[in-house]
Amino acid sequence: MKKLSRLLGLLMALSMVLALAACSPAASTPTATPAPVPATAEPNNGGGDADPAPTPRTAPSSPTVVRIASGPLSSQQNTTYNGIVDLINKDLPGFYNFAIEGSTGSAENARLLAAGEVDFGTMGLDVSLQVFNGTGDFEGMQGDIRQVLTHPGTGAIVHVIVPTNSDINTIEDLAGKKVAATAGVMQGYLEDVLFAHDMTTDDLGSLVNLSLSDMITALQDGTIDVLCYGNIAPNTNFTDLATTFGFKLIDIGEEAVAKLIEAKPWYHPETIAAGTYKGCDEDIHSFAQATVLCCSASLPDEVVYDFVSTVVNRAEDVAAVNAGWKGLTAETCTAYAVIPYHSGAAQFYAEQNLTVETN
């Protein structure tokens with residue numbers, strides 16, 4: 001009887017276990033967890049945390065009027081600056097109203113700037129120094145101006161040219177000869193060539209002032225013995241002359257150029273490489289002067305910063321307007337200077353890790 005009771009107890013316990021199991025929820029089938037998708041990193045050229053997006057600038061209620069003197073209206077320089085201001089207007093619509101003023105060139109640009117009639121002006125380095133100090137042709141007209149940038153390229157390289165069969169082989173051989181140079185800047189180049197060799201125009205047989213085209217004709221017909229002219233190298237006028245007539249370039253001399261630059265630091269040495277012109281098979285030591293853009297010292301920093309930053313950041317677009325500006329960089333913009341830079345330009349150059357004088 002006891003055995004039967006135990007058996008019935010076991011059967012009852014077993015039935016309870018089975019009942020509990022039937023009432024329990026079924027175990028869920030595990031599912032695969034997707035691999036985490038990495039977040040897309042924001043571009044960060046400087047490393048570390050991404051730079052915050054720049055705060056958009058709001059155009060003023062009325063645009064700032066900016067006047068620029070850059071030479072004759074039909075000149076390539078004038079065309080270049082029209083292209084630059086078009087780019088600024090595209091990047092900063094409504095901020096500026098630019099006016100490109102026509103002028104006769106460097107000296108007039110400088111006078112307009114010194115008189116406060118324009119805000120920017122292009123000029124040679126020597127002219128910028130004269131205006132800044134109120135010396136030379138600008139005595140009594142000292143202008144509170146600052147440099148913005150240096151134009152790219154070599155500048156006008158001085159060429160001293162004689163016929164192929166000439167007995168003139170050195171600068172000293174110009175003594176007693178009939179020499180031609182265009183009045184003004186070009187005659188100044190000739191005077192500086194002579195200065196570098198301890199000579200003056202009094203040592204020449206004669207000096208005549210002619211246009212470039214008239215000088216080329218006079219050299220060909222023997223009316224003059226020598227022409228002196230500053231231009232890029234090569235240039236079409238002299239390339240054509242070398243092909244149709246032929247000529248020799250007279251070497252100014254490395255030591256003479258160094259002497260000249262020590263006395264007149266707005267010049268820099270340049271070499272007209274052998275083969276630049278047909279029949280000219282030796283390197284020629286010469287000098288050149290850069291063209292610079294200057295502005296009024298009182299011009300707001302923002303205006304100057306916007307101008308120079310557009311020129312540098314849109315260098316390829318500027319070069320599309322003027323191929324001579326190809327290769328422009330912040331470094332080329334600070335290549336030559338004889339007066340301080342505007343603080344707005346200096347701010348941009350500092351961002352490019354370039355330090356320029358501003359005092």
Separation between CD1 (Ile252) and NE2 (His197), nearest 0.5 Å, reads 6.5 Å
Verify the distance criterion only: is there a donor paired with an acceptor across the side chains of [X] and [Y] at less than 3.5 Å?
{"X": "Ser211", "Y": "Asp214", "answer": "yes"}
{"X": "Glu139", "Y": "Thr135", "answer": "no"}
{"X": "Gln147", "Y": "Ser128", "answer": "no"}
{"X": "Asp306", "Y": "Tyr96", "answer": "yes"}
{"X": "Asn82", "Y": "Asp86", "answer": "no"}
{"X": "Asp283", "Y": "Thr271", "answer": "no"}
{"X": "Thr243", "Y": "Asp240", "answer": "no"}
{"X": "Ser296", "Y": "Asp119", "answer": "no"}
{"X": "Lys248", "Y": "Asn165", "answer": "no"}
{"X": "Thr223", "Y": "Asp221", "answer": "yes"}
{"X": "Asn359", "Y": "Tyr341", "answer": "no"}

More than 12 heavy atoms of other residues, nucleotides or ligands under 6.0 Å from [atom1] of [X]: yes or no?
{"X": "Gln76", "atom1": "CD", "result": "no"}
{"X": "Glu357", "atom1": "CD", "result": "yes"}
{"X": "Glu331", "atom1": "CD", "result": "yes"}

Aromatic plane relationship, Trp325 with Tyr81 - under 30° parallel, 30 to 60° tilted, over 60° perpendicular:
perpendicular
Review point. Looking at the rings of Phe287 and His268, which for Trp means the six-membered one, are their centres under 6.0 Å apart?
Key: no
Determine, using ring centers only, whether Tyr336 and His151 are less than 6.0 Å apart. no
Across all chains, not counting sequence neighbours, the side-chain hydrogen bond (donor to acceptor under 3.5 Å, both in side chains) partners of Gln142 are none
From the list Tyr229, Phe238, Phe247, ring pair (Phe, Tyr, Trp, His ring centres under 6.0 Å) partner of His159 resolves to Phe238
Scan the side chains in residues 258-266 for donor-acceptor partners under 3.5 Å anywhere in the protein, sequence neighbours excluded, and list what turns up.
unit_1, atom_1, unit_2, atom_2, d
Lys259, NZ, Asp198, OD1, 2.4
Lys259, NZ, Asp198, OD2, 3.4
Lys264, NZ, Asp192, OD1, 2.4

Is there a salt bridge (Lys or Arg N to Asp or Glu O under 4.0 Å) between Arg314 and Asp91 once you walk through the steps?
CA-CA 10 Å; Arg314 294 284 220 111; Asp91 291 347; 2.8 Å; yes
Would you say Gln289's side chain and Leu125's backbone share a donor-acceptor pair under 3.5 angstrom? yes
Any idea which heavy atoms bring [X] and [Y] closest together, and the distance?
{"X": "Leu328", "Y": "Ala315", "answer": "O-CB, 3.7 Å"}
{"X": "Ala345", "Y": "Val308", "answer": "CA-CG1, 4.1 Å"}
{"X": "Val304", "Y": "Leu299", "answer": "CG2-CD2, 3.7 Å"}

Legend entry - In one Ile/Leu/Val/Met/Phe/Trp/Tyr side-chain cluster, 4.5 Å: Val356, Leu293: yes
Which of Leu113, Asn109, Val148 passes side-chain contact (heavy atoms from CB on, under 4.5 Å) with Cys294? Answer is Leu113
Sequence neighbours excluded, the answer for salt bridge (Lys or Arg N to Asp or Glu O under 4.0 Å) partners of Asp167 is Lys177
Q | Ring-face cation contact, Phe120 with Arg67, 6.0 Å cut, 45° max | A | no
